[in-house]
Amino acid sequence: MSFSQQVVQPAVLEGRSMVVLYGSETGNAEDIAVELGRAAERLHFQTTVDEMDSFKLADVLRASLVIFVTSTTGQGDMPKNTLKFWKNLRREKLNNTGCLRSLRFAIFGLGDSSYLKFNWAARKLQARLLQLGAIEFFRPGEGDERHDNGIDSIYLPWYQELKTSLLTNYPLPPSISPIPDDVQLPPKYSLELLPTMDMDMDMDAEHGGHAGAPAPAQTEDELRFLAARTKNAARSHVDHPLSAAEQTQADWRRLNAHFPADIARRDESFEREHPREFAALDKHNILKDHPHKYLLEPAAPVLGSPPADMLPIPDTVVATLLSHSHAAPPDHWQDVRHLTFDIPLLDKAYDEIAGFASHLTLVIWPKNYPEDVNELILQMGWEAEADTPLRLKGVPRGLYAHNGVATLRHLLTHNLDITAVPKRNFLRDLIHFTQDERERERLGELTLPGNEQEFYDYTCRPRRTIIELLRDFTGVKIPYKRALDMFPVIRGREFSVCNGGLSLKEAAKDNNLRVQILVALVEYKTIIRKPRQGLCSRYLKHLSPGIQLAVRLKAASGTPLVPNWAWARRPLIAVATGTGIAPIRAIIQERDSYKNTADTLLFFGCRNRSADFHFHREWMEHPEVKVYPAFSRDRIEPDPATTTSIVPSSDPLTVAVNTVHPVQYDAHRNYVQHLIRKHADEVGVLMRQNPIVCICGNAGRMPTSVRSALLDALVISKVVADPEEAEKWLANPFNVTLWQETW
Ligand SMILES: Cc1cc2nc3c(=O)[nH]c(=O)nc-3n(C[C@H](O)[C@H](O)[C@H](O)COP(=O)(O)O)c2cc1C
């Protein structure tokens with residue numbers, strides 16, 4: 001066994017335990033928590049990594065050290081999977097008790113400095129822990145998505161320093177040293193091949209597939225019983241044992257269905273030269289008895305679209321895709337799709353959801369394409385195990401399988417994100433699975449502290465996927481049993497619902513919601529010649545009307561803009577770019593269902609009037625909505641002269657509407673921030689009426705530019721005297737409700 005294949009268990013040392021608790025909406029904080037957990041294990045801490053809500057306060061106190069990792073969501077809000085824990089922590093009766101005196105903690109926050117409440121979740125959590133007597137054993141860190149290398153710019157130095165500090169302040173006994181990075185830790189999850197087994201039972205669940213709570217895992221006894229029963233059942237079903245020739249034919253047929261690319265290579269001469277290779281494909285004897293009986297997905301084509309069967313994901317409902325259309329012309333730089341679903345809801349859920357109608361989120365779980373899955377199976381040499389049922393013993397959070405049984409192919413298709421951009425940990429772990437010295441060296445270089453730039457240039461910048469990376473490192477053979485440890489889980493992708501009000505209730509059946517989403521497919525070119533495509537984009541792109549998906553419909557995270565008549569009577573200043581118009585359209589439609597709705601000023605930024613001015617025809621149906629579109633790639637119309645002094649009206653709104661201010665365009669491009677300044681007086685009129693201000697769309701520089709334009713507008717329109725006052729004015733929730741959703 002070579003050095004790198006060694007597996008070393010962390011030592012069990014009295015009083016040396018670490019809990020890493022995360023709060024995460026889309027998985028960034030979770031990834032960091034997992035990395036911190038591994039680092040702690042290498043320092044021989046008994047380590048647990050989990051989401052905050054799965055821990056009780058009392059349990060947290062049992063650990064010697066606790067690290068909190070949390071992102072901020074909504075408008076300075078805690079992520080959903082921390083709310084229970086946070087509520088407990090904020091109980092009034094804990095005040096002045098010093099109940100967390102024994103807690104030693106560190107905290108790392110993930111945020112985006114373009115939001116007004118940067119890293120507020122981590123700051124609030126830290127403040128409360130300190131207030132209750134907890135002691136920080138290491139300085140807090142605040143990652144910022146806006147930095148050049150994103151969160152890593154702050155996180156990586158923090159992580160290195162933390163490890164040094166842990167070793168210094170919590171030294172190991174002299175006989176024990178940290179587990180080096182080039183030695184493997186034991187796997188967290190295990191996959192066990194099941195003996196020949198009657199998969200009919202599981203297939204029923206698989207294909208009848210309807211969403212709901214996952215079935216409880218079976219006990220060892222149940223498993224043994226199941227294995228014995230199915231073995232007998234399997235024998236009894238073979239009415240006519242096949243001859244050797246027939247058997248070979250049957251094997252070929254099955255293999256052809258599952259490994260067409262492989263079969264093409266394995267011609268007769270190959271078989272003659274490598275007789276054992278072929279047998280190895282069936283080494284678990286699954287095919288012998290009754291081949292088709294044991295296929296988990298007998299009807300699923302290996303090439304083509306991902307199979308339609310659904311995972312048992314909690315809190316999902318079965319949505320039917322009603323329509324799928326293009327929302328931009330074919331020659332536009334971006335492929336934008338408009339999808340409409342019919343979603344049945346139970347009475348209670350319908351009422352709850354309808355109450356959040358203006359900012360709902362639809363969560364969709366994408367799947368991998370069979371051809372990619374097949375490529376990976378062949379590359380890793382998993383042909384023998386790929387279609388054999390496996391018992392999953394312990395699974396990563398967010399992985400759903402029927403009855404805790406699945407084949408490797410099924411996991412790779414439905415659960416494991418093999419086209420994700422690989423994380424540093426993935427590359428680091430690969431070192432253990434290649435015997436090629438040059439590959440080991442290269443992987444080592446890419447993951448060396450200080451070589452971050454090289455790592456980004458190889459992975460993030462070109463958006464290289466895991467599969468592509470493995471094509472570069474052909475010597476890598478990951479043992480199939482490590483699949484759950486190695487590959488990230490496919491997470492549900494969230495989309496802002498783009499309709500609201502009556503339009504949600506257009507479905508033919510009672511208690512069905514008609515939900516629409518507007519999706520810009522993530523497709524771009526990088527230095528890798530093949531155009532890049534996000535997993536979900538690729539999945540959604542080929543969905544045809546009629547298909548059913550397990551989806552979750554939920555209120556967008558964070559402080560909601562609770563729709564009611566009072567909300568509808570406050571003016572709305574909405575600023576959206578691209579598909580950021582989705583939640584704004586939902587809000588406008590929702591407001592329309594109230595009487596005497598106040599005015600809306602919509603600043604919408606896109607490239608061309610003729611290509612991506614989404615929903616422009618609809619705005620005419622809303623007389624209270626005034627739209628100022630900014631087309632960044634169309635010719636800028638000459639500005640009329642500044643007219644303030646010659647408007648013959650004393651009505652402030654009329655004066656404001658007729659007043660335009662000269663604009664300094666950047667590089668002759670017209671953006672929303674220019675229009676806000678140009679129409680500053682109109683903005684000012686609404687600003688004086690306690691408006692709701694929504695900023696939605698691309699993260700990048702847009703939110704900061706828009707905010708600074710709003711500050712200018714406050715000064716230009718004389719709502720405040722100077723920029724400093726404007727800052728304070730805009731941050732005061734009594735003046736304005738600020739709501740941002742940028743990504
Ligand atoms: C809808 C939304 C709202 C956000 N609100 C804030 C915020 O108020 N303050 C902040 O600092 N960051 C905010 N962020 C940035 C996230 O904290 C950041 O992207 C983080 O990396 C997400 O980590 P997660 O995947 O673990 O949730 C927001 C991001 C999104 C998508």
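The structure presented is a predicted model; accordingly, all values stated were derived computationally and were not measured. Whatever order the structure lists ligands and atoms in, that order sets their numbers, starting from 1.
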Could you pull out the N/O contacts under 3.5 angstrom between ligand 1 and the surrounding protein atoms?
from: ligand 1; atom 1: 5 (N); to: G74; atom 2: O; distance (Å): 2.8
from: ligand 1; atom 1: 8 (O); to: G74; atom 2: O; distance (Å): 3.2
from: ligand 1; atom 1: 8 (O); to: G76; atom 2: N; distance (Å): 2.7
from: ligand 1; atom 1: 9 (N); to: K117; atom 2: O; distance (Å): 3.0
from: ligand 1; atom 1: 11 (O); to: D112; atom 2: N; distance (Å): 3.0
from: ligand 1; atom 1: 11 (O); to: D112; atom 2: O; distance (Å): 3.4
from: ligand 1; atom 1: 11 (O); to: N119; atom 2: N; distance (Å): 2.7
from: ligand 1; atom 1: 12 (N); to: D112; atom 2: N; distance (Å): 3.1
from: ligand 1; atom 1: 14 (N); to: T72; atom 2: O; distance (Å): 3.2
from: ligand 1; atom 1: 17 (O); to: T72; atom 2: N; distance (Å): 3.3
from: ligand 1; atom 1: 17 (O); to: T72; atom 2: O; distance (Å): 2.6
from: ligand 1; atom 1: 17 (O); to: L110; atom 2: O; distance (Å): 3.2
from: ligand 1; atom 1: 19 (O); to: E145; atom 2: OE2; distance (Å): 2.9
from: ligand 1; atom 1: 21 (O); to: N28; atom 2: ND2; distance (Å): 3.0
from: ligand 1; atom 1: 21 (O); to: E145; atom 2: OE2; distance (Å): 2.5
from: ligand 1; atom 1: 25 (O); to: T26; atom 2: N; distance (Å): 3.0
from: ligand 1; atom 1: 25 (O); to: T26; atom 2: OG1; distance (Å): 2.3
from: ligand 1; atom 1: 25 (O); to: G27; atom 2: N; distance (Å): 3.0
from: ligand 1; atom 1: 25 (O); to: N28; atom 2: N; distance (Å): 2.9
from: ligand 1; atom 1: 26 (O); to: S24; atom 2: OG; distance (Å): 2.6
from: ligand 1; atom 1: 26 (O); to: N28; atom 2: N; distance (Å): 3.2
from: ligand 1; atom 1: 26 (O); to: A29; atom 2: N; distance (Å): 2.8
from: ligand 1; atom 1: 27 (O); to: E25; atom 2: N; distance (Å): 2.7
from: ligand 1; atom 1: 27 (O); to: T26; atom 2: N; distance (Å): 3.3
from: ligand 1; atom 1: 27 (O); to: S71; atom 2: OG; distance (Å): 2.8

Point to revise | Parallel, tilted or perpendicular: rings of F615 and H338 (30°, 60°) | key: perpendicular

Exercise for review: Give a yes or no on whether R90 atom CZ has more than 12 heavy-atom contacts from other residues, nucleotides or ligands under 6.0 Å away.
Suggested key: no

Study note, to complete from the structure: Looking only at heavy atoms, the pair that brings W739 and C696 closest together is CZ3-SG, 3.8 Å

Point to revise | Validation row, ring centre Y155 to ring centre H147 under 6.0 Å | key: no

Check your understanding: Hey, do the aromatic rings of W158 and F138 have their centres closer than 6.0 Å?
Key -> yes

Exercise for review: For the residue pair R146 and D112, establish whether any side-chain heavy-atom pair is separated by less than 4.5 Å.
Suggested key: yes

